[in-house]
Number of protein chains: 2
Amino acid sequence: MVKKEIRVVGIDDSPFNKFKDKNILVVGVVMRGGSWVDGILSTKVGVDGDDATKKLIGMINKCKFKPQLQCIFLDGIAVAGFNVVDVQELSKKTKLPVIIIIRKWPNIENIKKTLVKINKKQKIKLIEKAGNVIQIDDIFVQLTGIDLEEARKILKVVCTRSLIPEPIRLAHLIAQGVVFGESKGRA
Amino acid sequence: MVKKEIRVVGIDDSPFNKFKDKNILVVGVVMRGGSWVDGILSTKVGVDGDDATKKLIGMINKCKFKPQLQCIFLDGIAVAGFNVVDVQELSKKTKLPVIIIIRKWPNIENIKKTLVKINKKQKIKLIEKAGNVIQIDDIFVQLTGIDLEEARKILKVVCTRSLIPEPIRLAHLIAQGVVFGESKGRA
């Protein structure tokens, strides 16, 4: 049984110019269920860098909501381009399950080819460690530290307004709105 | 009759260091009523500057939600210290009513004294133009382009979660979370 007031955090990165920006804003939205916003977190990560896992662990573990948090949602496995998150490490160090939300079926082979091309081959392992891509209704997920049945129950509570968990939708709007001056929407 | 889905924007500024920061982030949250976030806006204004009115008019008038917007909420009459908003100008140029939300009864005399002291005497006029401070339940408001009865009705719709209109509460959390790395909360 998943409580309607379950505390979760949804994380998304901001848009950036890959020729100009070095560090970009990542936003975390802490919600109770899919409606009440408890707080906003943020950090900065390097474009195509290797610091996302460490930065997200720090952002989550030091926040005052940590004792109540029950689940982390990520909008894709990477932030700031190819700053790929080690989800097993993120889950282990925060002691929280991680649900990666994927809007479109990912072309894993293409991603791997690009990583080889840009000399980031070691990140392929991180992508493989994130587990199988599973379809739930009209979105896809990768699960770490949580089984499919439990993930479905949590998604039912947090997807109040769209197919996307509300904290991810809000993190996306905020990151865009702060950087562009106006959010362009998506979900 | 105020629709439950009335589109409003709530605006708040970010915390800053008055000895260090020149321009600071101001966040606008566009909501339908008091629950659904439609979009996030932002701009930057000068600390103790004179550009708030112009910047807010620009932020609101150019946003895609403008045709649907029915009311502007400000968290106090000034942003970024003493960057006082000319609410009559804001209301006129956006063609929208403005409701200033005040959490504690303001000591207008002290504010005026400070403005004289820091050589910003001309801003006293702007404060006087914003109209009387009126208590509604446990908060205070100043109204421009809207009467008390109508303001009460809109407040009833948008104060879903606290005494403060939800778009103001969220703008506050976002501005804090983005600048500090974690929102401290308030409302």
Side-chain angles (χ1 to χ4, degrees), chain A residues 5 9-15 23-45 55-56 58-66 68-69 160-162 164 166-187, chain B residues 5 9-15 23-45 55-66 69 160-162 164 166-187:
Chain A
E5 299 269 291
V9 58
I11 294 165
D12 202 2
D13 59 354
S14 55
N23 287 288
I24 66 144
L25 179 72
V26 171
V27 172
V29 175
V30 177
M31 293 188 82
R32 268 183 260 171
S35 47
W36 173 247
V37 176
D38 262 346
I40 306 293
L41 315 176
S42 72
T43 186
K44 294 212 162 177
V45 301
K55 290 293 188 66
L56 295 188
M59 180 178 88
I60 291 166
N61 279 346
K62 75 169 192 221
C63 88
K64 67 178 171 195
F65 309 102
K66 180 66 190 6
Q68 285 82 45
L69 282 180
T160 25
R161 307 286 186 162
S162 66
I164 304 298
E166 187 62 5
I168 290 264
R169 191 186 72 88
L170 287 180
H172 181 77
L173 290 180
I174 292 166
Q176 274 202 325
V178 166
V179 169
F180 280 155
E182 177 173 355
S183 53
K184 305 294 172 194
R186 184 164 63 178
Chain B
E5 299 268 293
V9 57
I11 294 165
D12 202 3
D13 58 354
S14 56
N23 286 288
I24 66 145
L25 179 72
V26 170
V27 173
V29 175
V30 177
M31 294 188 82
R32 269 183 261 172
S35 46
W36 173 247
V37 176
D38 262 346
I40 306 293
L41 315 176
S42 72
T43 187
K44 294 212 163 178
V45 301
K55 291 292 187 68
L56 295 187
I57 292 169
M59 179 178 90
I60 291 166
N61 279 347
K62 75 169 193 220
C63 87
K64 68 179 169 194
F65 309 102
K66 180 64 194 356
L69 282 180
T160 26
R161 306 286 186 165
S162 66
I164 304 297
E166 187 63 4
I168 289 265
R169 192 186 73 88
L170 288 180
H172 181 77
L173 291 178
I174 292 166
Q176 275 202 324
V178 166
V179 170
F180 279 156
E182 177 174 355
S183 53
K184 305 294 172 193
R186 183 165 63 175

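The chains referred to below are lettered A, B, ... by the order of the sequence lines, with proteins before strands, and numbering in each begins at 1. No experiment lies behind these values; they were computed from the predicted model shown.
- Looking at B/L170, only its side chain comes within 4.5 Å of chain A, counting heavy atoms on both sides.
- With sequence neighbours excluded, the residues that form a side-chain contact (heavy atoms from CB on, under 4.5 Å) with B/S42 are B/L25.
- One finds the CD1 atom of A/I174 at 10.0 Å from the CZ atom of A/R169 (value rounded to the nearest 0.5 Å).
- Of the two parts of B/K44, neither the backbone nor the side chain holds a non-hydrogen atom closer than 4.5 Å to a non-hydrogen atom of chain A.
- Proximity to chain A is absent for every atom of B/T43, based on heavy atoms less than 4.5 angstrom apart.
- Taking the side-chain contact (heavy atoms from CB on, under 4.5 Å) definition, one finds that A/V179 meets it with A/S14, A/P15, sequence neighbours left out.
- Residues A/I60 and A/L69 come closest through the heavy atom pair CG2-CD1, 4.0 Å.
- The candidate from B/G39, B/A175, B/S35 with the greatest count of non-hydrogen atom pairs under 4.5 Å with chain A is B/S35.
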